[in-house]
Amino acid sequence: MAFEPQRPSRRGVYGISVMSELSGIGPQTLRLYDRRGLLTPTRTDGGTRRYSEADLVTLRRITELIADGVNLIGIGLILSLEAENAALAAPITPCRESADAQR
């Protein structure tokens with residue numbers, strides 16, 4: 001049986017203070033990323049942000065890009081293009097795996 005990495009959960013479970021603690025990013029910065037559309041946490045009925053494991057992965061990517069000197073507008077474009085690329089590659093992956101298995 002082949003190892004299949006699990007995708008990070010999109011279920012919002014972490015409040016902003018927990019996410020801040022997990023990531024080392026301040027709550028005000030997390031709010032800024034939300035306003036800029038870089039992170040899109042789910043919201044409770046009362047409007048409280050709930051961050052997921054997938055948001056934590058995205059936040060790590062944002063941190064990498066900032067360390068590389070990319071500004072927030074550039075980060076938004078990069079994240080968008082990476083998501084589009086992943087969506088386009090998804091249907092190709094099973095075909096590629098099938099072809100590799102037949103070799």
Side-chain angles (χ1 to χ4, degrees):
M1 183 159 118
F3 172 74
E4 291 186 30
Q6 287 188 324
R7 292 185 193 162
S9 171
R10 294 206 162 290
R11 183 171 172 256
V13 293
Y14 305 122
I16 196 165
S17 60
V18 174
M19 184 59 131
S20 178
E21 199 172 308
L22 288 172
S23 67
I25 305 295
Q28 291 296 348
T29 303
L30 293 173
R31 288 183 189 101
L32 172 68
Y33 294 165
D34 185 10
R35 282 194 307 273
R36 296 287 179 98
L38 302 179
L39 284 177
T40 52
T42 59
R43 301 273 182 154
T44 65
D45 291 338
T48 303
R49 292 172 178 86
R50 291 287 179 216
Y51 294 91
S52 66
E53 288 293 325
D55 291 325
L56 189 56
V57 170
T58 300
L59 190 55
R60 288 184 185 129
R61 182 66 177 132
I62 291 168
T63 302
E64 290 172 358
L65 292 168
I66 287 172
D68 289 340
V70 181
N71 65 24
L72 295 182
I73 293 172
I75 290 171
L77 291 170
I78 290 168
L79 293 177
S80 176
L81 289 170
E82 287 176 345
E84 185 178 336
N85 189 35
L88 290 171
I92 296 170
T93 302
C95 295
R96 184 174 292 146
E97 290 171 353
S98 175
D100 290 343
Q102 291 178 359
R103 287 187 199 157

Audit row: Y51, L56, side-chain contact (heavy atoms from CB on, under 4.5 Å) steps and yes/no: CA-CA 7 Å; Y51 294 91; L56 189 56; over 6 Å; no
Between side-chain atoms of residues 17-32 and protein atoms elsewhere (two or more places apart, or another chain), which donor-acceptor pairs fall under 3.5 Å?
{"residue": "S20", "atom": "OG", "partner": "I25", "partner atom": "O", "Å": "2.6"}
{"residue": "S23", "atom": "OG", "partner": "M19", "partner atom": "O", "Å": "2.8"}
{"residue": "S23", "atom": "OG", "partner": "I25", "partner atom": "N", "Å": "3.1"}

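- In R36, the CZ atom is not crowded: 12 or fewer heavy atoms of neighbouring residues, nucleotides or ligands sit closer than 6.0 Å.
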Mind listing the side-chain donor-acceptor pairs of residues 71-80 below 3.5 Å, one per line with the distance, residues two or more places apart or on another chain?
{"residue": "N71", "atom": "OD1", "partner": "I73", "partner atom": "N", "Å": "3.3"}
{"residue": "N71", "atom": "OD1", "partner": "G74", "partner atom": "N", "Å": "2.7"}

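- Within the model, atoms OH of Y33 and CG of L39 stand 8.5 Å from one another, a figure rounded to the nearest 0.5 Å.
- Here R49 pairs with D34 under the salt bridge (charged side-chain N to carboxylate O under 4.0 Å, His left out) rule; sequence neighbours left out.
- Judged as a side chain to side chain donor-acceptor pair (under 3.5 Å), and not counting sequence neighbours, the contacts of Y14 are E53.
- Judged purely by distance below 3.5 Å, without hydrogens or angles, the side chains of D55 and S52 pair a donor atom with an acceptor atom.
- With sequence neighbours left out, the side chain to side chain contact (heavy atoms under 4.5 Å, CB included) criterion links T42 to R50.
- Residues passing the side chain to side chain contact (heavy atoms under 4.5 Å, CB included) test with V57 are P8, sequence neighbours excluded.
- Identified under the salt bridge (charged side-chain N to carboxylate O under 4.0 Å, His left out) test for residues 59-70, with sequence neighbours left out: R61-E64, R61-E82.
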